[in-house]
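Below you'll find the structure, written out as structure tokens, and then a few comments.
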Amino acid sequence: MGMAKPVLILTTIGSREAAETLAESFVKERLAACVSIGGPVLSIYHWQGAIERGEEFQLTLKSLDTHLAAIESRLKSFHASRPDGYQLPELLVVPLGGGSMEYLAWLQANVHPA
């Protein structure tokens, strides 16, 4: 089994309150070392045959690739538990090609081993 690799995980959600709740849960559960929240942003997208638009908040998780399944599961259950949750939550994974050795060591130390 290889060594865990650092990743950025991007997702969006419809309110600041939900973004903060979700971000805090990822950090408390040590699935992410840090979650940054940006926004509001305007998203324009295709959904069920129409072009939609809506205000969202972008979450950027700093985590490890070994936690992707747990993060996806947590994200889906969070949305399913909310009346304003998304039917199809965004989950995009960006592998990191490098970074400060000190920051990457901090990231690794602040995420539970998978």
Side-chain angles (χ1 to χ4, degrees):
M1 185 164 168
M3 196 164 150
K5 295 182 178 84
V7 293
L8 294 179
I9 300 163
L10 306 175
T11 192
T12 53
I13 197 152
S15 73
R16 178 174 297 281
E17 174 268 324
E20 290 180 16
T21 299
L22 186 57
E24 190 169 322
S25 73
F26 282 128
V27 174
K28 277 185 180 177
E29 295 171 31
R30 296 181 71 114
L31 294 173
C34 173
V35 180
S36 300
I37 301 170
V41 298
L42 175 64
S43 293
I44 300 172
Y45 54 94
H46 283 279
W47 183 248
Q48 299 179 339
I51 295 179
E52 302 285 340
R53 61 177 50 225
E55 186 176 276
E56 297 183 299
F57 291 83
Q58 176 82 51
L59 282 74
T60 304
L61 289 73
K62 289 83 170 190
S63 189
L64 302 171
D65 62 353
T66 51
H67 289 66
L68 294 177
I71 289 169
E72 182 173 14
S73 175
R74 180 74 185 88
L75 183 62
K76 286 180 177 179
S77 68
F78 184 83
H79 280 278
S81 72
R82 299 179 59 88
D84 61 345
Y86 295 173
Q87 289 178 327
L88 180 61
E90 176 183 18
L91 177 68
L92 299 173
V93 180
V94 181
L96 297 178
S100 144
M101 295 306 289
E102 295 86 359
Y103 187 86
L104 295 176
W106 170 83
L107 190 159
Q108 183 87 31
N110 284 283
V111 176
H112 271 310

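Residue numbers run from 1 in the order of the sequence given.
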Applying a strict under-4.5 Å side-chain criterion to I, L, V, M, F, W and Y, I'd like to know whether Phe26 and Val93 cluster together. yes

Roughly how far apart are Leu22 CG and Glu17 CD, rounded to 0.5 Å? 10.5 Å

When rounded to the nearest 0.5 angstrom, what distance separates CG in Leu59 from CG in Leu8? 12.5 Å

Within the structure provided, determine whether Arg30 and Asn110 are in side-chain contact (heavy-atom separation under 4.5 Å). yes

Considering all heavy atoms of both residues, which atom of Val111 and which atom of Ala32 are nearest to each other, and what is their separation? CG2-C, 3.9 Å

Heavy atoms, side chains only, cut-off 4.5 Å: are Ser100 and Trp106 in contact? no

Strictly distance-based, threshold 3.5 Å: is any side-chain N or O of His67 a donor or acceptor partner for the main-chain N or O of His112? yes

State whether the side chain of Glu52 and the backbone N or O of Ile44 hold a donor-acceptor pair below 3.5 Å, judged by distance alone. no

Within the side chain of Ser63, is there an N or O that forms a donor-acceptor pair under 3.5 Å with the backbone of Val7? no

If I take atom CD1 from residue Ile9 and atom CG from residue Leu68, how far apart are they, to the nearest 0.5 angstrom? 5.0 Å

Is any side-chain heavy atom of Ile13 less than 4.5 Å from a side-chain heavy atom of Phe78? yes

Given side chains that start at C-beta, do those of Ile37 and Gln58 come closer than 4.5 Å, heavy atoms only? no

So which atom in Phe57 and which in Ala19 form the shortest heavy-atom distance, rounded to 0.1 Å? CB-CB, 4.0 Å

One should read off an interatomic distance between Leu104 CG and Lys62 NZ, to the nearest 0.5 angstrom, of 12.5 Å

Same cluster or not: are Leu96 and Leu92 linked, directly or through other Ile, Leu, Val, Met, Phe, Trp or Tyr residues, by side-chain heavy atoms under 4.5 angstrom apart? yes

Side-chain H-bond candidate by donor/acceptor type, Glu56 with Tyr86, under 3.5 Å: yes

Which heavy atom in Arg16 sits nearest to a heavy atom in Gly39, and how many Å separate them? NH2-O, 3.5 Å

N/O donor to acceptor pairs below 3.5 angstrom from side-chain atoms of residues 69-77, sequence neighbours left out:
| from | atom 1 | to | atom 2 | distance (Å) |
| --- | --- | --- | --- | --- |
| Glu72 | OE2 | Lys76 | NZ | 3.2 |
| Arg74 | NE | Glu29 | OE2 | 3.0 |
| Arg74 | NH2 | Ser25 | OG | 3.4 |
| Ser77 | OG | Ser73 | O | 3.3 |
| Ser77 | OG | Arg74 | O | 3.1 |

When rounded to the nearest 0.5 angstrom, what is the spacing between CD in Gln48 and CD in Gln87? 5.5 Å

Less than 4.5 Å apart, side chain to side chain, heavy atoms only: is that true for Ile51 and His46? yes

